[in-house]
Each structure stands twice: as structure tokens, then as C-alpha cells.
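These notes concern the structure reproduced below.
Because only heavy atoms are used, hydrogens play no part in the values below, and waters and symmetry mates are left out as well, while side chains stay in. Within every chain, numbering begins at 1; the chains are lettered A, B, ... in the order of the sequence lines, protein sequences first and strands thereafter.
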There are 2 protein chains.
Amino acid sequence: MTAAPGSTKAARTRASILGAASELFRQNGYSATGVREIAVTAGVDPALVIRYFGSKEALFLETATIDPIWAERMAGPLDTLGERTARGLVEARQESQGSVTALLRATETPGIRAHLQQVMADQLIAPILDRLPGPEAEIRARVFAAQTLGLMYLLFTVDDPILRSMPPDRIIAYYGAALQAVLTGPEPEPN
Amino acid sequence: MTAAPGSTKAARTRASILGAASELFRQNGYSATGVREIAVTAGVDPALVIRYFGSKEALFLETATIDPIWAERMAGPLDTLGERTARGLVEARQESQGSVTALLRATETPGIRAHLQQVMADQLIAPILDRLPGPEAEIRARVFAAQTLGLMYLLFTVDDPILRSMPPDRIIAYYGAALQAVLTGPEPEPN
DNA sequence: GTCTATAACGTGATAGAC
DNA sequence: GTCTATCACGTTATAGAC
């Protein structure tokens, strides 16, 4: 418990709260995690949590970060992005998916919804928008995001056990192909 | 305020609570709607709401019904189901989508999550499972459900204004084609 | 006995006094 | 930084009205 050099006591307290909150939100979700619980885990007074971060919601948003693997994946070659995205989701590590699950499930809170919208625009749409072919890049990107969120929703949010029990390679084959068609396939006919 | 024939006072009270709850959940969502608020709207005492339905969650589940249009649509011809599904979502009436939105957003509560899983299995998967081609009907059906939930999630749960501002017919063209490929397209190659 | 209302409990996030 | 107060929540025990 000696003071770490270069970090004030306040900074260490802040970090301690943030760490405890990350863990708890990831494990138990947003609303099931109490400010008091975070405080006890971090070894501080409950009122301090609010004083440092303003509100439980603001604290949650600070912990709601995206695995850097996403930036890497989205920056890769466009002609295999469909399959790589599907594979990344189906084979996601437990730790990485916990944070996303908490975020996808906390959509009753308007501020969190806005944050999710921003994350989606930055991480899922922006990295590919100007590389997509044809005059309808904006629609392709948005449809890709919707499809990706759909697989996340069924795998993480709903946590469908039947989908989970199916052969990963076949799910990846179907979903990857569907994603790829939207990204680089021909423009569909008007109806 | 005369007694309706064939309905006891208790039955009318129950119906009144259910009606008020449906409206409020649809408009403001699950957690933002209080038991006290439902009670005031229904003109009864807050304790009665719990007494009649057991819990706020159980009451919500009774109001979380699916628009009958879904059963109709899913029972129709398989070779146009992709486009009809996409169109149904993009052109959904305000009233019909409110109930679905409330359900899709309330996924922090485990019991509601279980209900959503059941609804999905009954309404989205069961109606097409034995009509899908090839030996991988189960995977096709699940992937179809994931994609459909994805469009619902972006349109209703996240309520993405940019997607909403795009030409409906083009969204339907892209998403309908992606859905249709999963339903009746060729089996994708293994990776 | 059946239906309804009162009052209170425990816990949630948060604000303000010290 | 800490302690205590405030207000809203779902829920329950209990007693009153018909």
C-alpha cells in the first residue's frame, strides 16, 4: 500500500473505482450492479463514486470500451471482411464479449443508447465507408452494421443456446457470406 | 360506469391495469414505467397491480405480445419471405413497433430475455423450419432470425436516424436479398 | 369471503452538510 | 474525503369495505 510514484492518491482512487466498475458491469450488467457494490469492491465510500464520475451512467460509459481487435479487423482487406467478422463474433473470447454484452443489453437508458450509436458509427461504419463499391456505400455500410449487430444480439444479448450448439464453421460460412454479399456483392434490383 | 355484463368487477380491474400497462410500457419502456404510474393511470391502488399480476415483470410479459401480422407473413411463400420481412420492418406502423422495441430493450432482466428467446423460437423459427431446403435447415433458420433481429435492433432499439433517413426501397432491396440468400440460396462453401 | 386501500420495509441513486 | 439525508422504486403485511 505504498504510494505509487507519479500518481496522486486521487488518481489511484479513481483508477480503483474504474477497475472495480469494469469488472462488475462486465459480469453482472449495468442495472444489476450497484454503486454501493462498486464502492465496496474498490474500497471507497459510495458517495465518492458519484463525486468522481458524476453518475453511475457516466461511469458505465467510461468502462464501455471496444476490444481493439475490432479496429484491426475492420482495417483489413474488404474482400474477406464478411467471413472475418462472423468468425470474430462466433469465436469471441469470454472476456471480450462481456463488455459488449453489457452495452448491448443496457439500451433502456437513453444516454447509453446514444453511446452505442456513436460506437457503431465509429467502429463499424466509418472504417469501411469510403472503401465500399458503388454509389450506395452508405446503405451497404448501414446494412452491414445491422447484420453484425444481429449476430451479436443473438449470440450475446439473447445468448441463444441452440445457435451456440451449432457447428461454428457453418454459422461462419452462412453469416460470412451474407455479410460479404452486402459489402462487395452486386447491387440488388429495385423491387 | 355501469357494470359490463358478464364481467365481474375484478375482471374489469384486471383489464384496466393491463390496458394501462400496455400503453405505458409501449410508450416509455419497461424500467421507466413505474408500478405507481400504471396504478394511477388505471385508477387503482399500486398494491393491486402486484396482487393481480404477481410482479411488474410478469405484468410486462403479459403485455409483450407480437403483432399478428408476423404469423401471417411467416406463413406466406418462402421464396419472397426475405423481401417481405425487410419491408415489414422498414414500414412498420408506429404502434406495432412500440411493443417490440420495449421487449428488445428490456434484455437486462433474465426473465424477459427468456421470454424473448421463446418468442423468437415460436414466431421466427418454427414457422419456416421444416420448409427450408437442404440438410442445414436449422442453421438457415437461426441465421435468418439473427439477421432479422439485427434490422429490428438498428431500426427500433438503437433507433438509428441515419438508416431511417435512407430510401426505404433500397434498404429493403439489400436486406431482403441478404435474408433470401440465407433462406433459399445455395449452401455456402466451407472455409 | 372477496376485493381494495393504507402504511411501511428495504434498497436503489444521488445531493448536500461537515 | 466522509456521513447522513432525500426521494423514488418494487414489494409486502395487514386491515378495512363490501
**Message:** How many whole angstroms separate atom CZ of Arg12(B) from atom C1' of dT4(C)?
**Reply:** 14 Å

**Prompt:** In residues 18-49 of chain A, what residues come within less than 4.0 Å of DNA chain D, judged by heavy atoms?
**Reply:** Asp45(A), Ala47(A), Leu48(A)

**Asked** For the side chain of Tyr153(A) and the backbone of Leu104(B), is there at least one donor-acceptor N/O pair under 3.5 Å apart?
**Response** yes

**Asked** If you check every side-chain atom of Ile50(A), which of dT14(C), dT12(D), dG1(D) has the closest atom?
**Response** dT14(C)

**Message:** For a 4.5 angstrom cut-off between non-hydrogen side-chain atoms, does Tyr30(B) reach Glu108(B)?
**Reply:** no

**Message:** When you measure from the side-chain N and O atoms of Tyr52(B) to the phosphate of dT4(C), is any distance below 4.0 Å, counting only OP1 and OP2?
**Reply:** yes

**Asked** If only side-chain N and O atoms of Lys56(B) are considered, is one of them under 4.0 Å from the OP1 or OP2 phosphate oxygen of dG10(D)?
**Response** yes

**Prompt:** When you measure from the side chain of Arg26(B) to the backbone N and O of Ser96(B), does any donor-acceptor pair fall under 3.5 Å?
**Reply:** no

**Request:** Indicate the ring-plane relationship of Phe60(A) and Phe25(A), choosing parallel, tilted or perpendicular according to the 30° and 60° boundaries.
**Result:** perpendicular

**Asked** Between Thr184(B) and Gln180(B), does any side-chain donor sit less than 3.5 Å from a side-chain acceptor?
**Response** yes

Dump every N/O contact between nucleotides 14-18 of chain D and the protein below 3.5 Å, one line per pair.
none

**Prompt:** Would you say Thr13(B) reaches dT4(C)'s phosphate, i.e. side-chain N/O to OP1/OP2 under 4.0 Å?
**Reply:** yes

**Asked** If you take all heavy atoms of Pro127(B) and Leu124(B), which pair is closest and at what distance?
**Response** CD-C, 3.9 Å

**Request:** Could you tell me whether Arg140(B) and Glu136(B) have a side-chain N and a carboxylate O separated by less than 4.0 Å?
**Result:** no

**Message:** Ignoring hydrogens and geometry beyond distance, is a side-chain donor-acceptor pair present between Glu83(A) and Tyr175(A) at under 3.5 Å?
**Reply:** no

